[in-house]
Each structure stands twice: as structure tokens, then as C-alpha cells.
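Fair warning: this is a prediction, and the values are worked out from it, not measured in the lab. Naming convention: chains lettered A, B, ... in sequence-line order (proteins, then strands); numbering from 1 in each chain.
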Protein chains: 2
Amino acid sequence: MSLSIKEASERLGIPPHTIRFYERKGLLPFLQRDPYGNRIFEERDMEWINLMIWFRATGMTVAELEEFVELAVQGDSTIPQRQDLLEKHKRKLQERQRELDRAFEAVNMKLAKYAEIQNGKRK
Amino acid sequence: MSLSIKEASERLGIPPHTIRFYERKGLLPFLQRDPYGNRIFEERDMEWINLMIWFRATGMTVAELEEFVELAVQGDSTIPQRQDLLEKHKRKLQERQRELDRAFEAVNMKLAKYAEIQNGKRK
DNA sequence: GTACACCTTAAACATAAGTTTAAGGCAACA
DNA sequence: TGTTGCCTTAAACTTATGTTTAAGGTGTAC
């Protein structure tokens, strides 16, 4: 039960060209071709691509994902390194969270200032 | 007590070209020039640019800032619109926060899966 | 046998927010 | 007079993540 790129793209929710782009970037090293050169998508490919999409959604860059993929193709022995990568990514997410908190504070301060001006006017 | 672009850039912590870039984008509508065409930075300009930098740091795009500036040059009467802009921005920050939370969950799940594999191996 | 839908690749384009380069002007200093 | 150092503008370049376009191949349906 293998899919064409179009069917795969529909099931994954991303355009065919994005799949090709990911392949060119080295994120999809398992993709096979049929005798005409067309890509064939098996179930395990679909799961892999979904994982890539999922990681992208967490803010991992394509370059970081490529590192990850390179480790993954070497088998389970590289799981510790992959854990490291994920931990590093997690720390980056934490930093983003702190930045976001500071941004909230800044916006709220400015809003408070505006509210003050508006109150002053109403006096 | 007015500053050159270099002095201003040093005090603001951003390169001169970024200041020029912001001016071209319409973020600095008050900048005056000396007889040679050189930009002059007064204290109130410095405060204004700092506000722009501050807003950028909260994730506002330059385009959004331009909207904001256009309102600001029209005076205090546009404060309600500026409040709206900030509220809209705040909602965007909230959305980013939710995304970040989901990203954390995803990364933690993957890490848990790895831990499981490693434990299985140790048995 | 000829449209049609689908596939391929390579390359150009898009967007954001700068950064870097190129070409030239003015002023002070030795 | 010439060398710095700073200033100006315009335009090209950078990075990331795709998207769009161009040019061409293949199989199926009529």
C-alpha cells in the first residue's frame, strides 16, 4: 500500500514541493523510487515525515533536523546523542518562554501607561 | 546636546545601518539633519528609537511598528487605536505561548520514549 | 493519437529584517 | 596636500523556509 507524492502530501497536510524540499535537505533519507523515478511513500515513510513536521512545529530548524536524521540513520546506538539534541532544543524553548514573558510585561506596561493617559483626560 | 549616528548607535546598542534602515521604513519620522545632511539625534529621538527597539524585542514586526508610528505622529487622539494594536499583539503573544506549551509537550514525549528504549536495553 | 493528470528536476522568486558593499562627500589633522 | 574618519545613498547580499515557474517525461482515457 504505497502512495504517490500527491496522496502523501494530502495525507500529511503539506504541499508536494515541501516534501521534495525536505528530501533535498536530507530529512527523508529512506524514500524509494518506482521504475520511472517517482517517489514511493510507504507507511513508515509517512510516519517519519510526520515526525519531521512535528519537530518543525516545535521550532526546530531544518538544519537541526538534518543533524537529528543523520544520527537516526545510524540506529539506536545514537539515541543518547539524539536525547542531547532534544535537551538542547528544550533549553532553547525555555529561553523563548522567558523572552515571551518579558514581552508580555513590556506590552502590559505600555498598555497601563495608555490607560493612565486616558484616565487623566477623563478627569 | 545632539549625537551623531555613530554615537547614537553606540548608546542604543544597534548598528548605524539598522538605524538608517528603521528610518527608511518609516519608524523614525522625527529625525532632523544638519546642514551637511547628517542625521542629528536628540534626547527625544533616542527615547523614541529605544521604544522601537523595545517593541521589536517583544516580537512586533517592523510593518506593525510602522502602523503604530503612523498613529503616534497624529497625537494623543490615536491612543485608543494604539491600544487596540497592542491588544492584538498581546493576543498573538498568547498564541505563541500556547504553541510553545505544545512544543514542550512534544519534546518531552519524545524524550520519554527514548528513556523507555534505554531502560528496556538495560534490563 | 492526443489530451489530461500526474510526475520529475533545476532554478527563480518571496519574505523579513537586517547586513554588506560600492561610490562618493566633508572636515580635521599633520 | 593627502590621509583619516565619519557621513551619505542606493543597491546587492544573507539566511531560512519554503513557493512558484519552467521545461520536460509517462500512463491512462477517450
* **Heavy-atom donor-acceptor pair, A:H17 side-chain to D:dT21 base, under 3.5 Å** =>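 Present.
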
Whole angstrom is fine here: how far is it from [atom1] in [X] over to [atom2] in [N]?
X: A:D34; N: C:dC6; atom1: CG; atom2: P; answer: 16 Å
X: A:I40; N: C:dC6; atom1: CD1; atom2: P; answer: 18 Å
X: A:K25; N: D:dA16; atom1: NZ; atom2: C1'; answer: 8 Å
X: A:E10; N: C:dA5; atom1: CD; atom2: C1'; answer: 13 Å
X: A:L3; N: C:dC7; atom1: CG; atom2: C1'; answer: 15 Å
X: A:M60; N: D:dA16; atom1: CE; atom2: C1'; answer: 16 Å
X: B:F21; N: D:dA11; atom1: CZ; atom2: P; answer: 16 Å
X: A:E7; N: C:dA5; atom1: CD; atom2: P; answer: 16 Å

* Asked: Which heavy atom in A:L27 sits nearest to a heavy atom in A:W48, and how many Å separate them?
  ->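 In this case the closest contact between A:L27 and A:W48 is O-NE1, 2.8 Å.
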
* **Heavy-atom pair with the smallest gap, counting every atom of A:S9 and A:P15** =>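 Smallest heavy-atom distance, with atoms named: CB-C, 4.0 Å.
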
* To do: Mark yes or no for whether B:E7, through its side chain, and B:S4, through its backbone, hold a donor-acceptor pair below 3.5 Å.
  =>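 Yes; at least one donor-acceptor contact below 3.5 Å.
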
* Asked: Just by modelled atom types, is the B:F30 backbone N or O under 3.5 Å from a matching donor or acceptor in the B:Q32 side chain?
  ->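 Side chain of B:Q32 to backbone of B:F30, a donor-acceptor pair under 3.5 Å: yes, one is there.
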
* What do the steps show when you test B:R20 against B:E23 for salt bridge (Lys or Arg N to Asp or Glu O under 4.0 Å), and what is the final call? -> CA-CA 5 Å; B:R20 298 191 186 105; B:E23 193 194 28; over 6 Å; no

Just to confirm, is there a sub-4.0 Å distance from OP1 or OP2 of [N] to any side-chain nitrogen or oxygen of [X]?
X: A:T18; N: D:dT17; value: no
X: A:Y22; N: D:dT17; value: no
X: B:R39; N: D:dT9; value: yes

* Please tell me which of B:R33 and A:Y36 maps to the more 5' nucleotide of DNA chain D, matching each residue to the nucleotide holding its nearest heavy atom. =>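 Nearest nucleotide further toward 5': that of B:R33.
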
Counting heavy atoms from C-beta on, name the nucleotide in [options] closest to the side chain of [X].
X: A:T61; options: D:dT17, D:dT19, D:dC6; value: D:dT17
X: B:V62; options: D:dT9, C:dC6, C:dA17; value: C:dA17
X: A:I5; options: C:dC7, C:dG18, D:dC7; value: C:dC7

* To do: Describe the nucleic acid contact of A:R20 in one word from base, sugar-phosphate, nothing, applying a heavy-atom distance below 4.0 Å.
  =>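 Touches a base.
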
* To do: Please work out if B:P15 contacts a base, only the sugar-phosphate, or nothing of the nucleic acid, heavy-atom cut-off 4.0 Å.
  =>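 Since only primed, P, OP1 and OP2 atoms lie under 4.0 Å of B:P15, the category is sugar-phosphate.
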
